[in-house]
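Have a look at the structure below before the remarks.
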Amino acid sequence: MIAALLGIFGLSLLLAMILGRTHARIWLGLSAIASLSGLYAALITLITTETWIWRGGIVLGGETPFLRLDGISALFLVLVCLVGGLGALYAHEYWSGHHHPRSAPGGRCWWSTLVLSMGLVLTCANGLHFLFAWEAFALSAYFLITLDHDRKDARKAGWLYLAASHAGTMALLAFFSALAARTGTWELGPVHAQAGLAPLFWLALFGFGVKAGMFPLHIWLPSAHAGAPSHVSAIMSAVAIKMGVYGIVRFSGWLPMPGSSGWVLLGIGCLSALLGIAFALAQNDIKRLLAYCSVENVGIILIGLGLSVLAVQHGQPIWGKAALAGTFLHVINHGLFKSLLFFGAGSVLHATGTRDMSRLGGLWKVMPWTAALFAVGAMAVSGLPPLNGFVGEWAIYQGLLRAVAQKGPAAGVLPAVIVLAGAGALALAAFAKAVGIVFLGAPRNKPAAHAVECGWIMRAPMVLLAMIMIAIGLLPGLFFRPIMGAVAVWAPQWAMADPLLATRTLGGAHTILICALIAGGFLMLRKIQGAGTRTGPTWDCGYAAPTAHMQYTSGSFAGIARGWFAWLLRPEIMIRRVRGHFPGTALILERVPETVLEKAVMPGAAAVSFVADGARKMQHGRLHLYILYVFLGVTALGVMVLLGGM
Amino acid sequence: MPLYMDIPLRLLFWLLLAPLLPGVINKVKAWVAGRQGPPVLQLYYDLARLWRKGVVVSTLASPGFIIAPAVAWTAVVTAALLLPLAGTGTAFSFDGDVLLLVYLLALARFCTAWGAMETGSAFEGMGAAREVSFAVLAEIGIITAILTLVVQSGSIALSSMFEPLFGPGAALLAVGLFIILLAENCRVPFDDPNTHLELTMIHEVMVLDHSGPPLAMILHGASVKLLLFAVFLAQAVLPLSELPLLASVAALLVSVLLITVAVGLVESLTARLAFRRVPLLLTIGFLFCLFPLLLTWMGDL
């Protein structure tokens with residue numbers, strides 16, 4: 001059954017790659033078939049918790065293909081299929097052949113390649129083929145990011161992505177080769193028995209961490225997500241970086257873990273969560289804000305995973321299971337709300353032509369659907385009840401709090417709880433800003449005032465995502481059950497432990513809450529209608545003629561919290577003040593650079609190329625000088641030998 | 001007590017008692033200043049009057065402007081219902097409900113900021129920015145206080161979490177929670193609820209454009225939030241659940257009254273802080289919550 005479904009998944013995507021160039025509708029249909037069959041296969045695997053294995057009879061690159069679909073792969077496959085399918089639908093309108101005749105055919109082809117190669121990454125259980133699939137995935141993502149290659153920022157972002165991605169791949173190449181050399185086989189699987197393999201985890205953490213966008217390896221992520229077309233941003237942020245998370249999750253379950261790995265994961269998670277959201281808050285570009293927010297969410301996932309590793313090391317299945325279930329749910333949750341938010345941002349970009357929040361405003365009037373759906377996504381990403389974001393964070397928090405309550409050696413996770421709370425509150429600030437500046441208030445310029453709502457094809461994926469998110473909030477128990485299947489794969493020794501998550505009670509509380517919220521809002525509207533409403537200009541403590549330009553901007557909204565992180569963010573502010581008797585236009589420009597890239601990586605790279613430039617002068621093509629080098633070298637060696645002999 | 005009686009009774013406690021607190025604070029302030037001051041029940045009269053009034057809505061505002069106060073009020077009241085009340089325990093408890101409480105307050109904050117951004121006024125945008133920014137530090141403080149209770153009691157459910165500390169730990173935690181109470185409820189020295197100056201406002205500035213029933217809900221919700229923090233503070237440092245039922249309820253009421261009087265005294269005797277100092281004072285509040293955490297943790301090791 002699963003073989004057939006995965007076969008359909010692969011074949012229809014292959015067909016879509018070939019036919020996608022010319023036949024947009026057939027491509028859409030094939031993408032839908034692939035998504036549904038892949039989703040079905042993943043759900044069967046998650047519910048039955050049976051591992052599907054397939055060995056090919058042929059030899060590919062010296063190895064026989066070996067595919068495996070178990071709980072963890074299936075969990076990530078759900079995301080690949082869901083966002084792969086919905087993104088294809090969204091792209092059908094957003095990046096249609098009508099508007100982008102040159103890049104749309106390539107976009108369709110690479111989209112299918114990306115989805116297929118991500119599916120292969122998840123199912124390949126042979127290290128060699130895994131690397132091939134990984135590279136195909138990395139390259140197709142590159143072509144999607146640079147889809148709009150007339151734009152310089154897209155080309156630059158693509159190059160940076162490619163460079164960072166290959167730095168990671170290099171580590172992975174070393175990792176898989178070392179693993180194969182030590183175990184004697186390319187086939188991947190649990191290798192707990194060989195304790196000597198533990199240090200290899202650091203290689204895997206680096207290699208997959210670059211793709212996952214954990215701090216400070218996230219340098220490629222903001223520009224790639226902001227510069228790409230929005231449906232590409234959605235799949236990159238919601239799914240592609242999860243392939244990195246998948247790698248870390250997978251090998252933290254399979255490898256013998258170094259003693260400090262749990263704490264390191266927890267530490268990197270805290271760093272990513274706090275600094276990622278601090279960067280997000282300071283952005284003025286809505287898609288960069290969303291991209292940095294992905295760094296934060298990867299941080300939250302790593303906090304949960306680090307705690308689970310600690311739980312294994314301390315033999316504590318109860319809170320380990322809660323933390324891991326929360327981690328897995330957060331992987332899904334982030335995929336859902338981040339793709340919804342990027343779709344929403346794409347809809348705004350489509351309608352107004354700008355990503356700069358300080359040029360938008362008041363969009364709810366012209367784009368009520370986008371505004372409402374984006375608001376649902378913003379509330380979910382801020383972890384507000386009764387939506388899905390809260391459920392995932394709640395489970396991770398429970399793992400952390402239980403570890404603290406137990407007062408064992410793992411109670412050192414205390415700082416992680418405080419960091420998580422701080423990151424949550426900063427996320428709320430960042431998304432109150434995003435929603436408030438973009439959709440509320442008055443439009444700040446003409447395109448924002450005359451924008452038009454996106455069509456139903458773009459709206460449908462967003463509505464579906466929002467519905468799933470609300471469903472997870474209301475029925476957490478239902479969604480935790482398949483996730484426990486994935487948890488059982490990661491840590492089979494925990495099979496008997498019940499994590500005591502009060503999911504049904506939480507679901508009940510959420511249901512009551514959502515009823516109360518709806519009833520409260522509805523009663524208030526009724527009350528207002530009865531009471532007689534007058535409309536007028538904003539009173540604002542008596543300003544006579546408020547204009548749209550007087551509104552709080554995105555930069556001023558983030559000002560306070562940006563000040564706290566100024567030591568890291570190093571915001572650049574350019575002010576042209578009002579001067580003289582006939583002053584010109586006053587101006588204030590704010591920009592928050594990608595500090596890690598511009599202040600650390602770039603100077604490092606410049607230093608390397610400075611040294612390399614110096615060394616190049618020694619290679620000038622004059623033979624007699626080369627002979628002199630050899631002579632000097634031999635003499636130096638001779639002197640060393642003589643001195644060593646004495 | 002059966003659930004169908006318990007919840008309405010609690011609801012009555014929270015809804016009816018809450019508006020008394022601002023009245024007490026104002027009376028204390030008037031008493032310190034040597035004035036007669038408004039009646040203690042003034043907020044009840046205000047709410048009743050506002051509820052009957054019509055509404056003026058900004059032309060820029062979406063229906064969210066009306067709905068947001070209702071959602072925020074519901075979230076705060078639901079959060080309050082999660083709290084146990086002295087010896088009567090809690091109506092509805094499950095592991096991790098303390099997180100629901102914290103995040104329901106966050107939901108209320110999100111909605112208030114939303115309502116403020118609706119009007120497109122720089123003034124109200126400023127209030128929203130201040131509210132969500134300072135709340136970061138306040139939330140860190142609250143979660144630290146909760147961690148202290150978790151370490152102390154070994155439980156992560158509100159119903160069994162309030163096992164008070166003794167000695168210096170309790171005193172430190174009380175001070176820390178009191179500072180956070182002042183910040184979260186927009187009281188002097190963080191915010192001055194009585195003025196309409198740009199320099200002095202956080203919360204009040206966000207609700208400038210609200211009127212009629214939505215404003216009533218905002219005012220009532222604010223008073224419920226104040227009561228919630230006072231009840232939390234009292235139970236975190238006093239062993240109320242160990243007393244007999246009536247005594248514990250009486251002790252809770254008396255301690256809430258004392259906290260309210262203390263708020264009034266602070267408002268009368270201190271000046272508002274400059275805004276750049278607010279994060280400093282909040283950090284001090286966080287530290288006052290952190291030390292008892294370290295004390296309890298070290299005590300257990």
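In what follows, chains carry the letters A, B, and so on, assigned in the order in which the sequence lines appear, proteins first and then strands, with residues in each chain numbered from 1.
Residues A:Ile560 and B:Phe275 fail the side-chain proximity criterion, which asks for heavy atoms closer than 4.5 Å. For the pair A:Leu440 and B:Phe65, the minimum side-chain heavy-atom distance is 4.5 Å or more. Side-chain contact between A:Leu428 and B:Arg109: present, with at least one pair of heavy atoms (C-beta onward) separated by less than 4.5 Å. Side-chain atoms of A:Trp364 and B:Pro63, non-hydrogen and from C-beta on, do get closer than 4.5 Å to each other. Looking at heavy atoms from C-beta onward, A:Leu517 lies in side-chain contact with B:Leu107 at the 4.5 angstrom threshold. Using a 4.5 Å heavy-atom threshold, the side chains of B:Val132 and A:Leu426 count as separate.
A:Lys527 places no side-chain N or O within 3.5 Å of a backbone atom of B:Pro214 that could act as its donor or acceptor partner. The main-chain N or O of B:Asp95 is found under 3.5 Å from a side-chain atom of A:Gln398 such that the two form a donor-acceptor pair. Of the possible polar contacts, one joining the A:Lys407 side chain to the B:Val151 backbone as a donor-acceptor pair under 3.5 Å is found.
The minimum heavy-atom distance between A:Ala561 and B:Ser133, with the atom names listed, is N-OG, 4.2 Å.
Note that the CZ atom of A:Phe557 and the CE atom of B:Met117 stand 5.0 Å from one another [nearest 0.5 Å]. Taking CD1 of A:Ile418 as the reference point, atom OG1 of B:Thr144 lies at 4.0 Å (rounded to 0.5 Å). Separation of atoms CE (A:Met379) and CH2 (B:Trp114) is listed at 7.5 Å; rounding is to 0.5 Å. Rounding to the nearest 0.5 Å gives a distance of 7.0 Å between CG of A:Leu401 and CE of B:Met161.
Heavy atoms of B:Trp51 lying under 4.5 Å from chain A belong to its backbone as well as its side chain. Interface residue B:Ile156: only side-chain heavy atoms are found under 4.5 Å from chain A. Using a 4.5 Å cut-off between heavy atoms, B:Leu293 touches chain A through its side chain atoms alone. When heavy atoms are compared at a cutoff of 4.5 Å, B:Ile66 approaches chain A by way of both its backbone and its side chain.
Note: A:Trp394 leads A:Phe522, A:Phe431, A:Trp394 in heavy-atom pairs under 4.5 Å with chain B. Per-residue counts of heavy-atom pairs under 4.5 Å with chain A were compared for B:Ser93, B:Ala138, B:Pro213, B:Pro69; the largest is that of B:Pro213.
Not a single salt bridge (charged side-chain N to carboxylate O under 4.0 Å, His left out) links B:Glu131 to another residue, sequence neighbours left out. Remark: A:Ala323 pairs with A:Leu307, A:Ser308 by the side-chain contact (heavy atoms from CB on, under 4.5 Å) rule, at least two apart or across chains. In this view, A:His510 and A:Phe390 satisfy the ring-ring contact (aromatic ring centres under 6.0 Å, His included) rule, not counting sequence neighbours.
Residues of residues 365-376 of chain A lying under 4.5 angstrom from chain B, judged on non-hydrogen atoms, are A:Lys365, A:Ala375 in numerical order.
Neither side chain, B:Thr119 nor A:Thr538, offers a donor N or O lying under 3.5 Å from an acceptor on the other.
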